Amino acid sequence: MASKAPTIRYAHSEGLTQICYDASGKYLASCGYDGKIRIWKGIDDDEPSVIASGEMAYGLTLRGDTMYVASDNHSVDRFTFPTGEPDGILARFTGNVTYLDVSESRKYVAAGSSDFDIKIVNVESKKQKCYLGHQAPILCVAVDPMDEFLASTSCDGNLKIWEIESEQCIKTIAVLTPSNDIENSESQTRICWRPATGEDVAVPTSTGVSIFTRVTWAKLHSFTTDVTSKPFQCCAFSLCGRFIAAASADGWLVVWDAETQECLRKLQHPLKSSICSVMWNPLENNSLAFSDSRGQVGVLENVILSEQSTKTSAHNDLDALFEEDDDNMIADFVSQEAEEDNMEVDLTKLKKKSRVSNIFCSDDESDVDSKEALSRDLPAIPSTLEVLGNNDDLDLAPPTMPSTNPAKLLEDDDASSVATGAGAPRGTYASLISMQPAFQPGSTPVHLSHRFMVWNAVGIVRAYNDDTENAIDIEFHDAKTHHALHLTNHEQYTLADLSDKAAVLATESTADSTSKLKGVHFSSWDNNKDWTVSMPDGEEIKAVAIGENWLAACTSALHVRLFSLGGTQRQMFSISGPVVAMAAHTDQLLIVYHITQGFGSNQNLGFMLLEVGAGNGCRPRKVVGGQPLPISFGSTLTWLGFTAEGTPATVDSEGSIRLMNREFCYTWVEVASTKKMSKSRHDNHWVVGLHENPQQIRCIMCKGSLYPATLPRPTLAVQPYKMPLCEMDNDRGKLEEEYWRTKLLSSHGNYLTSRGYEPDPEGKQKSQVEVQQLLMRLFALCCKTDQEFRALEICSLMPTSAAVNLAIKYSSRIRKILLAQRLQEVAQEKLQEEHEAALKEQRKMQNVEESEEEEEDFRAEMQAGYSATETEWSNQRYRNAANGKSREKDVSDDDGSDCEAVVSQQMEEEVPKEKNTKPMRSLSSQLAGSRRNPFKKSIDAPTNSPTTTAASSSGSVLDGIKRSVPTSQRRTSSISTEATRKSKGKNNSKKQKTVQPTLFNKLNLTSTPKPKRAGSRTEPEEDESVLKEKNESAQPKTSRNMSGVQLFIEEKLSTIEEENPEMDGIDARKLAIQRFRSLSAEGKKEWNDRAKSKTPSSVEALSTGGKRKRDPDDVNENSPPEESNREEVNPAKSQKVECCETTVNSKLDTKSRLSAFAFTANE
Amino acid sequence: MEPGDVEFIAEKELVKIVPNFALGKIYFISGDVGPFSPGLPVDVPLWLAIAIKQRQKCRVHPPEWLDVDKIETMKDDEIASEFFTELPNPHFCEVAQLLLTHATDNIPNADLLRTLIKDIWDIRAAKLRSNIDKFVKLQAGHARLDNLSQMEINTIRPFLTASLDHMYQLRISQSYTERNMSTQ
């Protein structure tokens, strides 16, 4: 049976010993009659650190970084751990201290002494309580995990249960034969409470281990074994509460399954010496440490052999159970359980915490049997992993408030509960424990002496609670918000939230005062910054949250109370379950609460999102109410809050970060998993804030723990989002993920706009451009892999028709004519939509505009404030769009071809758009306080020329794509494709024609791309006369000629300027052009040839030429000669029809820059 | 080159600070810094960190190596090793010195660190001196020293080169007189 013998080693001199694990399970501490305490780094440690503590050490306990030792110098000493430095004396007795125990909450230290006295010291308040009643030296004391009761055994043979608060003994049970001293006692009777819940207490007796249930303190049952007849010395529950280990005076170590009462492991000490202490490893549940009376310590690994399975007893008493149970609810529950069981559903998960069966557990044998029956399909032994999971739940649970006492609940429930025999212990509702307690997002557990009460985007609230001080520090990330605050914390505030205007603190009720809420309104202009509100009797504040100018507190009475920042009570309302957490942002309030008890270790949470209407005249509105909140399976909620932009977000204990998707039916979507970020399984990312723009998860890396310590001061780290889309290992998956992520994280803009906030045009444009780029890359990818239908689908996702046009060009370039034709349809649809939208907006605007025309300029400047109305810039945009439309009508009438119309329409539409961006940007950049980079080398600084931004950004979308084709030609190709599509089926020859130009284009561009580009570049720079001339002479005079002209101008300009110093740049250029025209044909040809020969090596020369060329234009922009009106941004004047052509031409240029590209891979 | 110059060069090293103010990017000739958002660590040149720190606008995160344990092991290594050990940063001394004077409150055990760094400096200086002594005594033509920091080179260079020159001249004149003597 024994798979592996325990590792045993000498530690102390002969006599009683005790052994103890620290919380991490790494260290072992032992003490014995040699008065030494040894701290072992695992059982293999050959050099344990030794601490001397008196002549004899009777007992020790480790909690956190403190070690309590009971020694023969009549005192309970404190040592730091693991350094082992003395840390003072906690309590004194008149006799040797024989045993001590620290409560799970670390609040109480109980010690028993050979002077028959038991004392409990409250670690925080240092108050002592005495429990007198035993008639002999105390053998053992044990504090209830709920801090309500104390169990003790003494050499007088009695087990006594005390009420800690009242110091009263409430039950005395004889458990062993009396003796006169602890050495002479037949058993050490080291008792043990069930961890976490304290629903029963295990007492080692002469025959086995007896279980006494809470409240009634009746003997529930006992675990027995036939291997030994000697009395049991000690017992210990495993941390998950599932197993119980006990050891006997003749060295037998026995492990039972606490549920099935089956003996899982029997093992005798090789030397058969009496084992006097046993403890489970808190981290690896499958190993336990023990120490014997020979002064040896040992560790037994693999306590429970995993191949072993629990045998099931007959399914006999289930029916009887049903008959007995009158209570419908319980019966239903049982039958449901049974049903599931019958269906062979794997209940492992449900039973993980093994609480389910307890719900209907009553004492009599039949119930126990039925329990066994229910668990018959269970693999008896949870794997180490699962056990670990349990430990996490218990030990490293997220910040909690002390949970409601199950005993209280128990009593309340009792009346309506299962009718059980008189005196029989009732079933405990311990399963309520699996409902996660309420917590404050961004806080660390309450029991820590130095803890974060909250860490959020505004600042940090820290609480110090130790010997020297009891205080709260409020510190702000931004020194501008307020200076740091230091408050004394006499009222023991445990909950806090912080905004840039105020902080709110809350405390639970104590014996002499009710639960209190304190507001620290530090931004108030009067002198009275603090206010306090007491809750009604019996109402405990469970969660607080602070919004823009209001705050909310949720209480145990399921009330949500709203207050103003000044402390005025506002609305209150009820929620339908105990609150888990609450978060606020501007006027949004998000509450997460328990809907019902979840199955197994799952939480059944619901959430409610409200707009409380406390903001600037906003009206209260329920956004989402009472929906279940999705969290990962078997996890608990660990963080709740809003992104900086106001989107609700959650983090659960599995590390999944979820955002609410407002655009998609208020569903929740996982945007990142912190578990995947961390290298080690034990590391945790403690999220403190989320940002959507820029996409950042701000968190603190906690190595080997769930939350950070206050010192050394933790550092924020930034992590990226990553949605768990499929096939993330290939390009397509990555792009798709990036697309949806960008979509999701930019959707807050719409919400903010709808809430009356002025959207950030820059950010919006940026995200739009990003989306467009991603789609374009996806599109190119699909085209490459010949997935034309998918390419079409992607195109229909594109935001603008301009983007689709790019796609059309691209597809026709790579000879996917069919695709291009289909895309044309998409483009037209988009165009139509855009126009309808624009018209609608324009109509709306015109109404506003008429009344407020004169105020427009002011309004533009007031954009800084939040205003729901559009500003002048956007108005003009729509006005222009409308004008463009009327003009376009004219054009279409003249030409009689609608495809032309489409193109011109497109072009015109974009002019005002781009003009628009400039003022918008400069405004917003002023607002954001961002500055231009004076050192930036590129000439087209994005802030200055929006057109180039568009061009360059689309250029970077299509990274490998050359910009080479003059727009005019490319345009004709697309036009003609469209034309063909219209007359499709009519004429085949026409179709050929369509193909030909495209091919021709391609040929052209591969042979001589450069001069054309030069030509297209020069277009806008040229004077109107040239443009006219060009139009007259039409296309046959190709752009190659133009570059000849340019070369000519370039060379002659300086001489002309020298000749005519009175001329400005434009006139000089006119003159140059005239001279060029007056040249003979040969002369012209010569120039053209020169230009041609120059080009291959002169890309740079050209571009610098372009740069030089631009200068006069820039001058014009600033000085007001007449030309500037035509070329530059004056929407009002551009309405003149004569200017129209110029605009079109400059437009052509932008378009050409925007769209001139070729995919290198395909060339 | 003055020690001040070396320090000036060292001020280009990046350190992490946690600002308590919000500011967009700052554009410097040597590159962009920022944006700064309160509470979020950001890498800035040392000189900027000090400037901001002096205005009480940030907390400085000491570099990883500026830690008592690490420096102590460094010191032990330095003592144990015959040669110069590799420093965690080419401007180890300058950066540590600057941080320890200007951001004392952000560095745990600053005083202890200061002593340790001074110790390391002294050990290395002694090593350097003894090496030079050996070098001069052997009248060697060249020697190789690895892992010297700029500051160390700088402290020894003016004196060493000048004295070598001097010795050379003395030697020349000596041999000259010797030759004269022998010819006579």
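Remember, predicted model here, so these are calculated numbers, not experimental data. Every chain is numbered from 1 and lettered A, B, ... according to where its sequence line falls, protein lines coming before strand lines.
- A 6.0 Å sphere centred on NZ of A/Lys501 holds more than 12 heavy atoms belonging to other residues, nucleotides or ligands.
- Across B/Ser37, B/Pro38, B/Ala22, the residue that shares the most heavy-atom pairs under 4.5 angstrom with chain A is B/Pro38.
- For CD of B/Glu178, the number of neighbouring non-hydrogen atoms (other residues, nucleotides, ligands) closer than 6.0 Å is greater than 12.
- At a heavy-atom separation below 4.5 angstrom, chain B is approached by A/His477, A/Asp478, A/Ala479, A/Lys480 within residues 475-487 of chain A.
- For B/Pro35, no part lies under 4.5 angstrom from a heavy atom of chain A.
- In A/Glu469, the CD atom is crowded: over 12 heavy atoms of neighbouring residues, nucleotides or ligands sit closer than 6.0 Å.
- Of residues 687-703 of chain A, those residues lying under 4.5 Å from chain B by any heavy-atom pair are A/Gln696, A/Arg698.
- Contact record, A/Leu716 with B/Gly39: CD1-O, 3.1 Å, taken as the closest heavy-atom pair.
- At most 12 heavy atoms of other shown residues, nucleotides or ligands fall within 6.0 angstrom of atom NZ in A/Lys722.
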Name the atoms and distances for all side-chain donor-acceptor pairs under 3.5 Å in residues 48-61 of chain B, with sequence neighbours left out.
| from | atom 1 | to | atom 2 | distance (Å) |
| --- | --- | --- | --- | --- |
| B/Lys53 | NZ | B/Asp105 | OD1 | 3.4 |
| B/Lys53 | NZ | B/Asp105 | OD2 | 3.3 |
| B/Lys53 | NZ | B/Asn106 | OD1 | 2.7 |
| B/Gln54 | NE2 | B/His102 | ND1 | 3.3 |

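- The list of ring pair (Phe, Tyr, Trp, His ring centres under 6.0 Å) pairs with a residue in residues 150-169 of chain B, not counting sequence neighbours, is empty.
- Two residues are said to be in side-chain contact when any heavy atoms from C-beta on lie closer than 4.5 Å; B/Leu40 and A/Val718 meet this criterion.
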